[in-house]
Amino acid sequence: MQVIDAIAARKDELTRIRRDIHAHPELAFAEHRTAELVAARLEKLGIETHRGIGKTGVVGLIRAGSSSRVIGLRADMDALPITERNTFAHRSGAPGCMHACGHDGHTTMLLGAAEHLAATRRFDGTVVLIFQPAEEGHGGGAAMLADGLLERFPCSAFYGMHNWPGLPAGHFAVHSGPVMASTDQWDIVLHGRGGHAAMPHQCIDPITAGSALVQALQTLISRSRDPLEPAVLSVTQFHAGEAYNAIPDRAVLRGTVRTLSETMRARLEAQMQSIAEGVAQTHGLRSEFHYHRGYPATINAAEQAAICATVARQLVGTQNVSTTLRPSMGGEDFAYFAAQRPSCYVWIGNGPGEGGCTLHNPNYDFNDELLPVGASYWVRLAEHVLAR
Ligand code: NI
């Protein structure tokens with residue numbers, strides 16, 4: 001591996017920072033200690049630092065040369081509402097809160113890159129270091145954009161990186177096109193008429209209608225979707241009734257929809273509504289349909305993906321960079337950045353994922369061996385895109 005020597009020499013220091021953040025996890029939009037740690041470190045390096053963008057977001061600016069080109073490198077800072085089961089010294093000190101997605105590592109890798117970029121400045125333009133809050137389902141990236149990130153720091157492209165258990169440590173995966181799915185939630189309420197379970201003819205049973213609806217919804221995936229276009233529709237909740245001998249008034253169904261394209265997303269939303277209405281009508285009751293759009297799909301731009309693959313190959317060797325892995329149906333807040341500018345979000349292998357070391361698992365931990373690799377990737381990427 002062609003990891004930058006000066007960064008490799010600081011591996012112990014980066015590991016200390018990473019483990020300190022790991023031991024002090026903070027949930028979405030409450031990353032006060034982490035944001036202050038990041039901002040204080042950037043300032044110590046002489047980097048122009050902006051706090052409080054999108055609530056707890058931090059931005060650092062490193063300029064070199066005279067070019068007006070600007071790119072954004074993004075890391076995330078928040079932890080998850082999970083109680084850690086690891087017993088090592090740097091385990092979470094906050095019950096019910098844990099860095100189970102490696103954002104402690106992402107933040108540290110970008111800090112490592114910041115130090116090297118600020119010291120060497122072998123590029124021409126501006127690197128915008130984006131430390132975003134609330135990646136885990138709370139839209140911290142969208143909050144930073146809504147807070148004027150693009151107007152204040154006009155990036156022409158954004159780059160992101162996430163560790164990936166199951167991919168060998170230090171390997172990279174780069175996707176051109178979709179890499180992560182849209183993550184939407186929905187609620188359907190079926191309003192029937194309750195009554196005595198012995199006299200169903202006097203009732204309108206929302207449980208029978210709801211059961212038919214669960215089956216009908218699955219035909220959207222099995223029958224009306226192009227089988228070559230990925231989509232997931234999961235019914236994850238079905239609430240109805242309280243007694244053994246009473247038919248309830250209503251049933252509530254909830255779940256999630258994942259897609260890799262806006263077209264599929266819009267089609268499923270519309271079809272779900274019409275199936276809910278149709279099934280309700282068949283059973284003689286009224287339906288209520290609520291669809292809540294979460295993160296859009298993360299779509300990597302071809303040009304930026306090619307750049308990232310080139311930089312990764314130069315860093316870790318062609319044989320350690322995959323461009324053919326399938327996308328994940330998980331979601332990613334980087335999608336909001338990628339929707340604004342041509343962007344690329346890569347995976348860096350975290351190792352085999354043994355002992356539950358998988359994302360969002362109470363036994364997960366970020367692999368510190370990646371710190372110099374990821375930091376070197378950021379530096380080489382900035383030097384490549386903003387080449388003198
Ligand atoms: Ni994550």
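Note that these values count all heavy atoms, side chains included, but never hydrogens, waters or copies made by symmetry. Just so you know, ligand 1 is whichever comes first in the structure, and atom 1 is the first atom listed for that ligand. Quick note: residue numbers are just sequence positions, from 1.
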Exercise. Under 6.0 Å between the ring centres of Trp347 and His175?
Worked result: yes
Problem set entry | Atom nearest to the Ni ion (ligand 1) - His103, N, O or S atoms considered | NE2
Problem set entry | Main-chain N/O of Asn367 paired with Asn350 side-chain donor or acceptor, under 3.5 Å | yes
For this session: Taking the six-membered ring for Trp and the full ring for Phe, Tyr or His, determine whether the centres of Phe153 and His50 are under 6.0 Å apart.
Result: yes
Exercise. So which of the N, O or S atoms of His162 lies nearest the Ni ion (ligand 1)?
Worked result: NE2
For this session: Assess His106: does it contribute an N, O or S atom lying under 2.8 Å from the Ni ion (ligand 1)?
Result: no
Problem set entry | More than 12 heavy atoms of other groups within 6.0 Å of Glu43 CD | yes
